[in-house]
Engineer: 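Handing you this structure, nothing more for now.
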2 protein chains.
Amino acid sequence: MRFNQGAIVTVRIKCLQCAVRLIAPCGAVSHETANELARIVHRRRIAAGQILNNTANQAQTFSIIVKGVVKIVDEHTDGHAQIVGLQFPSEFVGRPYAESARYLAEAATDLEVCSFAGPAFENLMRVHPDLELNILKRTLNDLDQARQWMSLIARKTAEERVAGLLLFIAGKLQADDAEPSNAVAFDLPLSRTEFAECLNLRLETVSRQFAALKAEGIIKTNRRRALQVCDLAGLKARAQV
Amino acid sequence: MRFNQGAIVTVRIKCLQCAVRLIAPCGAVSHETANELARIVHRRRIAAGQILNNTANQAQTFSIIVKGVVKIVDEHTDGHAQIVGLQFPSEFVGRPYAESARYLAEAATDLEVCSFAGPAFENLMRVHPDLELNILKRTLNDLDQARQWMSLIARKTAEERVAGLLLFIAGKLQADDAEPSNAVAFDLPLSRTEFAECLNLRLETVSRQFAALKAEGIIKTNRRRALQVCDLAGLKARAQV
DNA sequence: CGATGACTTGACTGAGTTCAAAAGCTGTGG
DNA sequence: CCACAGCTTTTGAACTCAGTCAAGTCATCG
């Protein structure tokens, strides 16, 4: 018993140091609920490309992202994949109240996550309405965001789509404390192929749009993934926002 | 007091006769919660084209659809509209826990709905966790469906998109008791223009796809909106499902 | 029955796809 | 440190499907 309590305290110290504590579900609930969550949490590192919600495994797992980016993927029967969303640090990944998730959650980058066994988490929601309310609000936000994503895919030109997705990712990866300056730099969490899978384009088209944006001095790239937005206003103009 | 109770009983008789009672949120909760809902409900008729969530009006309204179809619309600044979802009888329309809804909810057909004042409904959710749980489950379903819709928009050819949307609508409008036979008939809730707004196509393209499906004997149309699916398997094949 | 708006059909154009090949990173081992 | 293999990305050229513009046809309603 004493040993068990000790373990809990250890977890809670980790939690207090956690980068996403203040905005993640685990930190936005009552002290009591947070303690209960700490009791069942598993902190894990996951390599890029790994699947979070293994469908073969009967029991569902839910995760809170501490570090990295997760792709939500719809795999078509013909092998073509459509990325239907991205999840960023502090966000919740998983599908409560379903036998199995309809979409693959795949690590786009190396990940640090806090995971919970599905049934245990669902029980906790039932006992602690503040946790349930938090998940409800998150899901409502995810729904709004899914529809925003849809409108992105539905934009007319390839230029608008690519610029729009770059803006979306820049907004998510920019540290909250940074003022929205005219220059932003970050590492893209997605390959050209994945970019294309987000926007319903071919990778060649995405590459050409990147080239055009570079030629116009709106972005700079090097080492494949490193990206710098030089002209944020120009990017917004291309995205028609 | 007595008068008030009388009013409640009247409402509840209506509810007991209601077509969607068994599957709508108001019927899937405890007797006590259902009574509380009946106390604040307003049954309304709404004409096609009317907006349900008037943004000018400060207070949000939530609705349960009894009859008809609602479009969820993203209005771009350039006047172009993107339909990001459809809601059918028994489904919930509205955006709890937000100042104002980000998307227009517009009657696609004439409607019968049960409406609730936003704040009153949110209070009820707080007091009755079973209602909150029901709305959470519905929102999770809506999220899955939004992503399914996204995959529809993202299909390669116009033929796949049109066939896919026809299948989706057929599935929703088919009475639950009907066996999934090879022939289905119903009235389209959308104009060609709205079809195009769903699928990110032009109305001419939609029209041409309808013509092609008719020529192949897969569907029949008359009186513009009336539609009959003659070859369900063929339709599924075109939709690549 | 005629006016109005919704739908259909036709011809042409163009953005994005497709196929193909070259160039550029990245990591490994000699 | 360089050379090489294996990959991703870029660039090129031809093609194709949906978009655009325009002119019809058809329901529906007053």
Side-chain angles (χ1 to χ4, degrees), chain A residues 47-49 71 76 78-82 108-110 152-166 187-216 219-227 238-240, chain B residues 47-49 71 76 78-82 108-110 152-166 187-216 219-228 238 240:
Chain A
K71 305 184 282 181
H76 289 191
D78 60 4
H80 172 72
Q82 170 69 32
T109 67
D110 288 347
L152 193 67
I153 293 176
R155 291 214 110 89
K156 272 202 305 296
T157 69
E159 182 181 47
E160 283 171 24
R161 297 190 210 182
V162 170
L165 184 55
L166 280 175
D187 273 14
L188 283 174
L190 303 175
S191 69
R192 296 289 180 275
T193 302
E194 289 169 325
F195 239 82
E197 285 172 348
C198 287
L199 298 173
N200 197 29
L201 297 169
R202 301 292 116 183
L203 67 107
E204 294 95 328
T205 306
V206 173
S207 183
R208 279 184 246 271
Q209 293 307 323
F210 268 81
L213 289 172
K214 272 194 277 190
E216 292 174 292
I219 61 170
K220 280 180 191 166
T221 60
N222 60 346
R223 288 182 20 258
R224 297 242 149 108
R225 293 294 187 97
L227 187 113
R238 315 287 134 158
Q240 301 271 50
Chain B
K71 304 185 284 183
H76 289 191
D78 60 4
H80 173 73
Q82 170 69 34
T109 65
D110 288 345
L152 193 67
I153 293 176
R155 292 214 110 91
K156 273 202 305 294
T157 67
E159 181 182 47
E160 282 171 25
R161 297 191 209 181
V162 170
L165 185 54
L166 280 176
D187 273 15
L188 284 174
L190 303 175
S191 68
R192 297 289 181 276
T193 303
E194 288 169 325
F195 239 82
E197 284 173 348
C198 287
L199 298 172
N200 197 28
L201 297 170
R202 300 292 117 181
L203 67 106
E204 295 95 327
T205 306
V206 173
S207 184
R208 277 186 249 272
Q209 293 307 324
F210 269 82
L213 289 171
K214 270 193 279 187
E216 293 174 292
I219 60 168
K220 281 181 191 166
T221 60
N222 59 347
R223 290 185 16 258
R224 297 250 146 102
R225 293 293 186 98
L227 188 113
Q228 190 182 344
R238 317 286 134 158
Q240 301 270 53

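We name chains A, B, ... by the order of the sequence lines, and we start the count at 1 in each one.
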Engineer: Can B:R238 and B:E216 be counted as an ion pair, charged N to O under 4.0 angstrom?
Structural biologist: yes
Engineer: With a 3.5 Å cut-off and heavy atoms only, can you find an N or O donor on one side and an acceptor on the other between the side chain of B:E159 and the base of D:dC17?
Structural biologist: no
Engineer: Just call it for B:L201: base, sugar-phosphate, or nothing, with non-hydrogen atoms closer than 4.0 Å on any strand.
Structural biologist: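 The answer is sugar-phosphate, as B:L201 gets under 4.0 Å only of primed atoms, P, OP1 or OP2.
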Engineer: Under 4.0 Å between a side-chain nitrogen and a carboxylate oxygen: does that hold for B:K71 and B:E194?
Structural biologist: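 Here B:K71 pairs with B:E194 in a salt bridge, since their nearest N and O are under 4.0 Å apart.
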Engineer: If you pin A:R225 and B:L190 to their nearest nucleotides in DNA chain C, which one's is more 5'?
Structural biologist: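 It is B:L190 whose nearest nucleotide is closer to the 5' end.
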Engineer: By nearest nucleotide on DNA chain D, pick out whichever of A:T193 and B:R161 is the more 5' one.
Structural biologist: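 Nearest nucleotide further toward 5': that of A:T193.
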Engineer: Rounded to whole angstroms, how far apart are NZ on B:K156 and P on C:dG16?
Structural biologist: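 Answer to the nearest Å: 17 Å.
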Engineer: From CD of B:E204 over to P of D:dA18, roughly how many Å is that when rounded to an integer?
Structural biologist: 13 Å
Engineer: Just N and O in the side chain of A:R192: are any of them under 4.0 Å from OP1 or OP2 of D:dT10?
Structural biologist: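 Yes, because at least one side-chain N or O of A:R192 sits under 4.0 Å from OP1 or OP2 of D:dT10.
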Engineer: Would you mind reading off the distance between B:R202 atom CZ and C:dA6 atom C1', rounded to a whole angstrom?
Structural biologist: 17 Å
Engineer: Nearest whole angstrom, please: distance from the C1' of C:dA15 to the CD of A:E160.
Structural biologist: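 After rounding, the reported distance stands at 13 Å.
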Engineer: Quick check: any donor-acceptor pair below 3.5 Å linking the side-chain of B:R208 to the base of D:dT20?
Structural biologist: yes
Engineer: Regarding B:N222, tell me which of base, sugar-phosphate or nothing describes its non-hydrogen contacts under 4.0 Å with the strands shown.
Structural biologist: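 No contact at all - B:N222 keeps every heavy atom at 4.0 Å or more from the nucleic acid.
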Engineer: Rounded to the nearest Å, what distance is computed from the CD atom of residue A:E194 to the P atom of nucleotide D:dT9?
Structural biologist: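 After rounding, the gap between these two atoms is 9 Å.
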Engineer: Among the candidates D:dA18, C:dG16, D:dT11, find the nucleotide nearest to the side-chain atoms of A:A211.
Structural biologist: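 For the A:A211 side chain, the nearest candidate turns out to be D:dT11.
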Engineer: Rounded to whole Å, how long is the line connecting atom CG of B:D187 with atom P of D:dT28?
Structural biologist: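 Rounded to whole Å, this separation is 10 Å.
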Engineer: Provide, to the nearest angstrom, the distance between the CD atom belonging to B:Q209 and the P atom belonging to D:dA18.
Structural biologist: 6 Å
Engineer: Are a donor atom and an acceptor atom from the side chains of B:E159 and B:Q209 found within less than 3.5 Å of each other?
Structural biologist: no
Engineer: Testing A:T109, A:L166, A:T221 for side-chain contact (heavy atoms from CB on, under 4.5 Å) with A:L188, which one passes?
Structural biologist: A:L166
Engineer: Ignoring hydrogens and geometry beyond distance, is the side chain of A:R223 in donor-acceptor contact with the base of C:dC25 at under 3.5 Å?
Structural biologist: no
Engineer: At less than 4.0 Å, is any side-chain N or O atom of A:T205 found next to OP1 or OP2 of C:dT17? Yes or no.
Structural biologist: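 Yes.
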Engineer: Does A:K214 put a side-chain nitrogen or oxygen below 4.0 Å from OP1 or OP2 of D:dT10?
Structural biologist: yes
Engineer: Taking 4.0 Å as the cut-off, does a side-chain nitrogen or oxygen of A:R224 come that near to OP1 or OP2 on C:dT26?
Structural biologist: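 So the side-chain polar atoms of A:R224 never come under 4.0 Å of the phosphate oxygens OP1 or OP2 of C:dT26.
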Engineer: Where the side chain of A:R161 meets the backbone of A:L199, is there a donor-acceptor pair that is under 3.5 Å apart?
Structural biologist: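 Answer holds: yes.
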Engineer: Calculate the interatomic distance between A:N200 atom CG and C:dT17 atom C1'; express it in whole Å.
Structural biologist: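 The distance from CG of A:N200 to C1' of C:dT17 comes to 12 Å, rounded to the nearest Å.
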